[in-house]
Amino acid sequence: MTEVAITPELIAQHGLTPEEYQSILDILGREPTLTELGIFSVMWSEHCSYKCSKRTLKCFPTRGPKVLVGPGENAGVIDLGHGLAVCFKIESHNHPSAIEPYNGAATGVGGILRDIFTMGARPIAMLNPLRFGRITDPHMQWLVGGVIAGIADYGNCVGVPTVAGDIYFQDCYEQNILVNVMCVGLMRKDQLMLARAQGPGNLVVYYGSPTGRDGIHGATFASKEDPHSQQRSAVQVGDPFMGKKIIEATLELIASGAAVGIQDMGAAGLTCSSCEMASRAGTGVEIDLDRVPQRADGMNAYEIMLSESQERMLAVIPREKIDVAREILERWEVGCHILGEVKSDGLLRVKHRGEVVAEIPAVKIADQSPQYSPEARRPAYLDTIPVAPVPYPAPPDWGDALLRLLRCPTIASKRWVYSQYDHMVQTATVVRPGDGDAAVLRIKDTPMHLAVTVDGNSTMCWLDPETGGKMVVAEGARNVVMVGAEPLGLTDCLNFGNPNKPEVFWTFDKCVRGMAEACRALGTPVTGGNVSFYNESKGLAVFPTPIVGVVGKIEPPRRILTPGWKNAGDRIFLIGGAEQHLGGSIFAQLWQPQQAERAGYYDEREPGPVIGPCPTFDLELERALQQFVLEANRRGLINAAHDLSEGGLAVALAECCIKSGREKLEARSGKRSAVEYLGARIDVPNVKCLASWLFSEAPSRALAACEPAHAAELTALAQDFRVPVVALGEVSTDAALLLGDVLDLPVAALLAAHETLPY
């Protein structure tokens, strides 16, 4: 069965260690074929097997009364009630996007869509957390433009709205950008489909695009450092029009009852889909590669099995239902190719040109990959981070400081991004991108709404991985709460450097354990996710960047909340913890008094180094804050809410003013004319450090506005929940943000700064 000599050099080229190769020999009882070597290579890569992370990931809470499907399937599923369920997942496409930003991002979107509809859910929303280097760099501008265009074109073509996301610009992503993609789907619980090759004798059916040579060894590529060292052939090319047909064909196939298992061909292509489906069902699969539709001439078995060509699906169809399946698939013009059948022997058996080119126990490839516990060591850099002085020196002009923060690309409006996305297709988006702390979608024909968000502050994780991990989970859940939703669960994408470096693995382990503790405290089970290691180039790793996607439900009597002020005269409250210091804040990166240039300011597009320490975090206070906001909303006590995050209190107040804008209607014609804004008059207390009061990014804090008649009840409720509450001032009609005698800025100036384009 061996076509070529398996040499130590060839083994190393496949990313396998000598010990792993010995395990392969033990499993097979012989030397592998080249095709088998490739199969083990991709399936035992970090990207597919999680061999360095699996043990740490076990600390996540994954069960709950509403969890229908947890980790291990294509996506997680949570019960919404009313016979419906929400399906969601987040993944990464970092390395491909660093080489081919357009195709890398577009195929990331296509891949995460397939994870959702293969479960039986119709995709209803996309979210995109992105991380880039300095935006002043022309090459980075090219990457940004390509990534955004790839996301927009694929999502717009398949008719799935992109409703939320976030973008950070930091030096650490200069050589290795991060492109994470999340998809949310809605489904009837009785149409849940699992990726399992059930029933020996059932047919294994391929449909979708033909197989080509693009994307070969993409999973191995994602398990190596330095994306720029890889050839473009590892990057897949997407076809959104075929993607749309596959969505509709798959959902109809599931609704017809003709399929008993479906999986897309994502990472590791036909290899992954066939052996994972067999392993989950405890069966085997036999396929003939001569029946695989191919768009490249002369492809060998190795190439066909490892290709990651996009828009391809594998389904298990009972023989008696193949005619039903064929009619559906051919009507949608996606093809119906019978590759083989499910077997009872537990083997993945692959034939090509009349010969058996691979014969491996499926469970050994899919579920019994090597597991490692890499060495972990506290990084030395943690002892060298400069500490923010308390009190922090004041900038020359407080108003100028706020405007600089509003212009900072990480904080500024992302309208220039989301205006390229169709966020209203499917007509379910109620709170649009930029209008709230989370996006909100109506669930048609029910009283429910769905809230979705993505979050991840890598600066805090770099300063203190464990505390930062807790804060990432808390902010994701808090943002869902701020629009009036009860958090139901989360998915995560864990972006880190090389796990074989002890300092990197230490930060990974600490981050995950911090996240897990927060998930347990806040009651947000983890339904699945993705680990993306090797995000580094030229020996420099990105900051530890765990991203969470959180899903929540709004059901009457709770209402949808947004940040913008609603009524002049409403009372404004600061709820939650107090400011601490300026460690980890963007303000401290922009204003460092020791700098002689520009009176201590860095250019807001090129912030200075991070200053510590990480703020302290109280999980009990966070839980109490979220429960208080949910109860206050249930009672109808608040009509505006906004989380405090990047930029602190001053930026949050400015954003509430900006988001208060309403188009004025002309009395006679009924036409819309100028936008009118509300402002805020805030009393500034006598504090030890005004800079910290204005710009601290301490966690567990939010703004809330309520009618004067509800102020006393709101304050009393906060005391019942043991949540600190401070009266700040009131909403005004003068369209300006007035902070005592510290600053007085018209909303027009705040808006102009916030809408500044980054390049």
Side-chain angles (χ1 to χ4, degrees), residues 8 11-24 26 40-60 71 92 94-95 172-173 175-176 178 219-227 229 367-385 456 458-470 472 492-517 526 529-547 610 612-614:
I11 295 167
Q13 289 171 12
H14 281 74
L16 295 165
T17 67
E19 294 77 15
E20 289 171 342
Y21 183 67
Q22 182 59 52
S23 296
I24 294 171
D26 294 341
F40 276 105
S41 171
V42 293
M43 291 304 297
W44 284 9
S45 68
E46 182 63 44
H47 186 75
C48 288
S49 72
Y50 295 168
K51 57 189 177 185
C52 291
S53 60
K54 190 177 293 185
R55 289 174 177 168
T56 300
L57 296 176
K58 290 179 180 178
C59 70
F60 276 134
S92 63
N94 302 334
H95 282 32
C172 66
Y173 306 112
Q175 299 293 329
N176 199 127
L178 303 182
T220 309
F221 171 33
S223 304
K224 293 181 178 180
E225 292 181 19
D226 196 356
S229 66
D367 294 329
Q368 296 183 15
S369 62
Q371 292 188 35
Y372 300 113
S373 296
E375 180 186 354
R377 183 171 60 244
R378 184 177 182 273
Y381 78 79
L382 290 172
D383 299 318
T384 65
I385 299 171
S458 59
T459 297
M460 299 303 184
C461 294
W462 185 75
L463 291 171
D464 183 336
E466 187 167 1
T467 300
K470 295 176 186 178
V472 167
D492 60 61
C493 193
L494 308 174
N495 305 273
F496 290 81
N498 184 341
N500 297 306
K501 295 180 178 179
E503 295 83 358
V504 170
F505 191 78
W506 186 89
T507 61
F508 169 77
D509 188 72
K510 290 292 184 182
C511 260
V512 170
R513 295 186 187 282
M515 294 173 69
E517 185 178 346
V526 178
N530 175 234
V531 177
S532 176
F533 280 139
Y534 300 98
N535 290 293
E536 56 184 83
S537 183
K538 300 179 180 178
L540 298 175
V542 301
F543 279 7
T545 311
I547 302 290
V610 173
C614 180

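- Residue Ser532 holds its OG atom at 6.5 Å from NE2 of His95, rounded to the nearest 0.5 Å.
- A donor-acceptor pair under 3.5 Å is formed between the side chain of Tyr381 and the backbone N or O of Trp462.
- Checking Ile547, Thr545, Val531 one by one against Leu494, the side-chain contact (heavy atoms from CB on, under 4.5 Å) holds for a single residue, Val531.
- Proximity of Asn535 to Phe543: side-chain heavy atoms (C-beta onward) are nowhere separated by under 4.5 Å.
- A donor-acceptor pair is defined here as one N or O able to donate and one able to accept, closer than 3.5 Å; such a pair exists between the side chain of Asn498 and the backbone of Asn500.
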Task: Stepwise side-chain contact (heavy atoms from CB on, under 4.5 Å) check, Thr17 with Tyr372 - done: CA-CA 12 Å; Thr17 67; Tyr372 300 113; 4.3 Å; yes

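- Using a distance-only test at 3.5 Å, with no hydrogens or angles considered, no donor-acceptor pair links the side chain of Asp492 to the main chain of Gly529.
- With sequence neighbours left out, the ring pair (Phe, Tyr, Trp, His ring centres under 6.0 Å) criterion links Trp44 to Phe40.
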- [ ] Please report the C-alpha distance between Asp509 and Val512 in whole Å, then the side-chain angles of each, then the deciding distance to 0.1 Å, and finally whether the side-chain contact (heavy atoms from CB on, under 4.5 Å) criterion is met.
- [x] CA-CA 5 Å; Asp509 188 72; Val512 170; over 6 Å; no

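- For the pair Asn176 (side chain) and Ser537 (backbone), a donor-acceptor distance under 3.5 Å is absent.
- In this structure Ser373 satisfies the side-chain contact (heavy atoms from CB on, under 4.5 Å) test together with Arg55, sequence neighbours excluded.
- With hydrogens and angles disregarded, no donor-acceptor distance shorter than 3.5 Å links the side chain of Glu20 to the backbone of Pro370.
- The CG atom of Asn495 lies 11.0 Å from the SG atom of Cys461; values are rounded to the nearest 0.5 Å.
- In terms of heavy atoms, Cys59 sits closest to Ala516 at O-CB, 3.4 Å.
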